[in-house]
Amino acid sequence: MANNNENKMMSAEEAIRRFVNDGDELIIGNYTVGTCIELVYEICRQEKKGFTLYSQSGILDVDILINAGCVDRLVTTYALRSGGKNGGGALERALQAGTVEIEDYTNYNYNARLVAGMHGFSFMQVFEGIMATDLFKKRSFMGDDKYRVITCPYTGKKVVTVPAANPDVCIVHVPRADKYGNAQYWGSMGSVAAASLCSKKIILSCEEIVEHDVIQSSPHFTIIPAYRVNAVVEVPWGAHPTEVLGYYNRDRSFYGMFMAANASAEGAKKWMDEWVFGCEDRKAYLEHYVERFGMAPLNKIRARAFYSAPANYGSAFTSVWDETGREQTMGITLDEMETILKERGLLYE
Amino acid sequence: MSKGYTLNELLIITCAKEIKDYENVILGVGLPTTAGALAKALYAPHATLMMESGIIDFEPLIPLNHIADAHSCRGFSCATDLFSAFTMTYRGFVDVCFLGVGQIDKYGNLNTTCIGDYYKPTLRLPGSGGAADFISYAKRTVLTLRGGEFVEKLDYFTSPGYLDGGDSRDRSGLFPKGSGPAMLLTTKGVFRFDDETKELYLAQIHPGVTVEDITKEIPWDLKVSPDLEETLPPSDREIDFVRRFAPTESVGRALTMELSIKATLNRSASNDTR
């Protein structure tokens, strides 16, 4: 079967259980905004482990997965840490303890690996300036394969390359999708499409499921076609406390609470016990949130409307047959056409 | 005589003056995003403001949370992706970019990756993000240093400035000729890079700061411009813009934190009585 265009809707629990395995190369599809937080939490709850984790810009995702003990190796460009010399974070603690190995890239170099993987190439050219830096010189678990230098067959110049990445599974959150997995995204495009499409399997969560007709009338928003997707999970507030354009803004004070807690191992554990392990799914998480803080903070960050102007996908005709039933080019009806074909001896009978 | 201004306001306004009209500008997290909004509003109405996440030609609405923050734009003209944002930089379409500094050496090379040993760091900083890519290929780069430090030798070489100084950056053949850091802004002054040696020197000093305040934080014999100037105080118009657009930046992180905790407590107290 070339594709699997059937209803793929399921719970986050089922999606992670079926499609994420211990020891996988796991990639976070989102870049800085709208992160797939509920899918990350579900991976923690199922105690999956041994990942090589890819995250273009690690915000909550990387530290939460490290706090839960899911990560052995990390490929990233940026990992947010609680501020200042007195701060800290899960990644810093794990590096100091030697429990996580890291491979650092620049934003472009990391993304180039995904773009190569997405298009089926074995490597991608990156910018030669990187050779002056420790990103090029200091290597971890990738060793020589972190970067390799080749000679361009056309110019004879030295060209730095990075290897394609094709992770086992991508988890990604999008604003809306249909039940088949056609995923629509708008706003800050980042590397969401590349991270998703370079992967072997894709688990999609979305703020809302829309009718297939909505997708068909706005295909320019679709970044992942259904035939690539393995699971679709509808999770309103699925990226909270990060933000989803058109749905809600970042929950800054809650985000700040995590950052403060994550500065110490004890604080992080307490936070994980309460908000990740203590809530069986997103519904329980939201109920717990409302119990603690009320609805007001959530209502305050709901997006107001600023709609994209519609594009006209219409054409002059919807059929080659005109209103009198005549074909537009030949000027005849279907009956007349069949009669002529028979008369001319063009039908095999 | 202009009205009083905060140090943060002075920094934002000094930074904004580095943006010229009609330039293509990549804005980094924090102070530069407000500087970009100010420049666009007051001095550079035709500047194209861009973020590395692929947001091109945006109109700032409120201060940005980060470099993928479409929520903080009134609108933007083109939604491309991160890959294309960097390849356009490589091709030379970015005039100026802004980067924050963890450690900096005398030739403007930067570390934003770690303090201590890379494999077992004392402090793990965020990492390169797009920094090494942008400082390599933007025509010029403006650096801002607030929590960072000047060092003889970087703990980790994240982003290339003028390498070993002199013409070594141009001679390496790895970068566009003439590119590199143009200016370093700190809480005490403005530094620029010598045309010949590419060593950074003190060019401007902020009001109320002495040269000694600055040299004591620098582990080499800092060169000071013979024409050392005092940073111009901002105009009322500039101060008003920053204060209305980004009041929490005018006020600064510590005081904002103090006031926001107080506001939260007041809100919950009034809820309790209802």
Side-chain angles (χ1 to χ4, degrees), chain A residues 31-33 56-59 76-81 83-85 87-89 91-92 95-96 98 101-102 104-109 111-112 114-115 126-135 137-138 140 157-158 186-194 243 245 249-250 252-253 294 296 303 306, chain B residues 51-55 65-71 73-75 79-87 89-90 109 111-115 118-137 147 154 156-160 163 169 172-175 253 260 264 267 271:
Chain A
Y31 170 63
T32 306
V33 287
Q56 175 107 40
S57 207
I59 45 169
T76 191
T77 84
Y78 192 92
L80 198 62
R81 154 185 199 286
K85 293 204 163 80
L91 172 61
E92 183 174 282
L95 290 172
Q96 288 166 350
E101 293 178 278
I102 189 168
D104 269 281
Y105 279 107
T106 69
N107 254 345
Y108 174 74
N109 293 182
N111 193 221
L114 315 185
V115 172
V126 298
F127 313 149
E128 54 275 15
I130 199 67
M131 287 194 287
T133 74
D134 280 343
L135 288 125
K137 291 169 189 160
K138 293 202 171 166
S140 167
K157 286 184 182 160
K158 277 190 176 177
W186 55 91
S188 173
M189 305 310 287
S191 52
V192 185
E243 63 273 59
L245 197 63
N249 278 41
R250 184 197 280 214
R252 293 176 70 138
S253 47
F306 176 44
Chain B
M51 299 182 224
E52 67 198 83
S53 56
I55 292 176
N65 281 319
H66 48 67
I67 43 71
D69 193 359
H71 290 72
C73 306
R74 183 172 281 110
T80 186
D81 59 6
L82 186 142
F83 191 82
S84 307
F86 283 104
T87 50
T89 309
Y90 185 59
N109 303 302
N111 171 18
T112 52
T113 301
C114 61
I115 304 297
Y118 172 61
Y119 299 100
K120 287 236 168 161
T122 312
L123 291 182
R124 170 68 205 194
L125 307 177
S128 165
D133 301 310
F134 284 127
I135 197 173
S136 294
Y137 297 100
L154 304 174
Y156 183 97
F157 190 122
T158 313
S159 301
L163 307 184
R169 180 178 167 112
S172 73
L174 302 174
F175 309 98
R253 191 177 290 174
S260 76
T264 308
R267 269 196 298 271
N271 284 346

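It should be emphasised that the depicted structure is a prediction, and the values quoted were computed from it without experimental measurement. Protein chains get the first letters and strands the later ones, always in sequence-line order, with residue 1 at the start of each.
- Proximity to chain B (any heavy atom under 4.5 Å) is restricted, for A/Gln56, to the side chain, taken from C-beta onward.
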Criterion side-chain contact (heavy atoms from CB on, under 4.5 Å) on B/Thr87 and A/Tyr108, from CA distance to verdict: CA-CA 8 Å; B/Thr87 50; A/Tyr108 174 74; 3.9 Å; yes
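- In plain terms, the two heavy atoms of A/Tyr105 and B/Ser128 that are nearest each other are O-CB, 4.1 Å.
- Counting heavy-atom pairs closer than 4.5 Å to chain B, the top residue among A/Lys157, A/Gln96, A/Lys137 is A/Gln96.
- Residues passing the ring pair (Phe, Tyr, Trp, His ring centres under 6.0 Å) test with B/Phe86, sequence neighbours excluded: B/Phe134.
- Smallest separation of non-hydrogen atoms from B/Pro121 and A/Leu95: CD-CB, 3.8 Å.
- Heavy-atom pairs under 4.5 Å with chain B were tallied for A/Thr32, A/Leu114, A/Val192, A/Leu91; the largest tally goes to A/Thr32.
- Counting only heavy atoms from C-beta outward, the side chains of A/Asn109 and B/Asp133 approach each other to under 4.5 Å.
- With values rounded to the nearest 0.5 angstrom, B/Asp69 atom CG is found 8.0 Å from A/Asn249 atom CG.
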side-chain contact (heavy atoms from CB on, under 4.5 Å) between B/Phe83 and A/Ser191, intermediate numbers included: CA-CA 7 Å; B/Phe83 191 82; A/Ser191 52; over 6 Å; no
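- For the pair A/Gly187 and B/Ala79, the tightest heavy-atom approach, listed with the atom from each and the gap, is O-CB, 3.9 Å.
- Closest approach of A/Gly190 to B/Asp81, counting heavy atoms only: O-CB, 3.3 Å.
- In this structure, the portions of A/Ile102 lying under 4.5 Å from any heavy atom of chain B include both its backbone and its side chain.
- Between chain B and the residues A/Leu245, A/Val33, A/Val126, the most heavy-atom pairs under 4.5 angstrom are made by A/Leu245.
- With a 4.5 angstrom heavy-atom cutoff, B/Thr122 touches chain A only via backbone atoms.
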Test side-chain contact (heavy atoms from CB on, under 4.5 Å) applied to A/Asp134 and B/Tyr118, step by step: CA-CA 10 Å; A/Asp134 280 343; B/Tyr118 172 61; over 6 Å; no
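- To the nearest 0.5 Å, atom CG of residue B/Leu82 and atom CE of residue A/Met189 are 11.5 Å apart.
- For the atom pair OH of A/Tyr78 and OG1 of B/Thr113, the computed distance is 11.0 Å after rounding to the nearest 0.5 Å.
- Residues B/Tyr156 and A/Asp104 have side chains that never bring a donor and an acceptor to within less than 3.5 angstrom of each other.
- Between chain A and the residues B/Gly130, B/Ser159, B/Gly54, B/Cys114, the largest count of heavy-atom pairs under 4.5 Å involves B/Gly130.
- Ring geometry for A/Phe127 against B/Tyr137 counts as perpendicular: the plane angle is over 60°, on a 0 to 90° scale with 30° as the lower cut.
- Between B/His71 and A/Glu243, the closest heavy-atom pair is CE1-CG, 3.2 Å.
- B/Phe175 touches chain A through its side chain: at least one heavy atom from C-beta onward sits under 4.5 Å away, while N, CA, C and O do not.
- Residue contact with chain A, scored on non-hydrogen atoms closer than 4.5 Å, involves the backbone and the side chain of B/Thr158 alike.
- In this structure, the portions of A/Thr106 lying under 4.5 Å from any heavy atom of chain B include both its backbone and its side chain.
- Neither the backbone nor the side chain of B/Ser84 comes within contact range of chain A; no heavy atoms are under 4.5 Å apart.
- In terms of non-hydrogen atom pairs under 4.5 Å with chain A, the most contact-rich of B/Gly129, B/Gly75, B/Ala68, B/Ser136 is B/Gly129.
- Taking all atoms of both residues into account, the shortest heavy-atom contact from B/Leu163 to A/Ala132 is CD2-CB, 3.9 Å.
- Heavy atoms of A/Ala303 lying under 4.5 Å from chain B are absent altogether.
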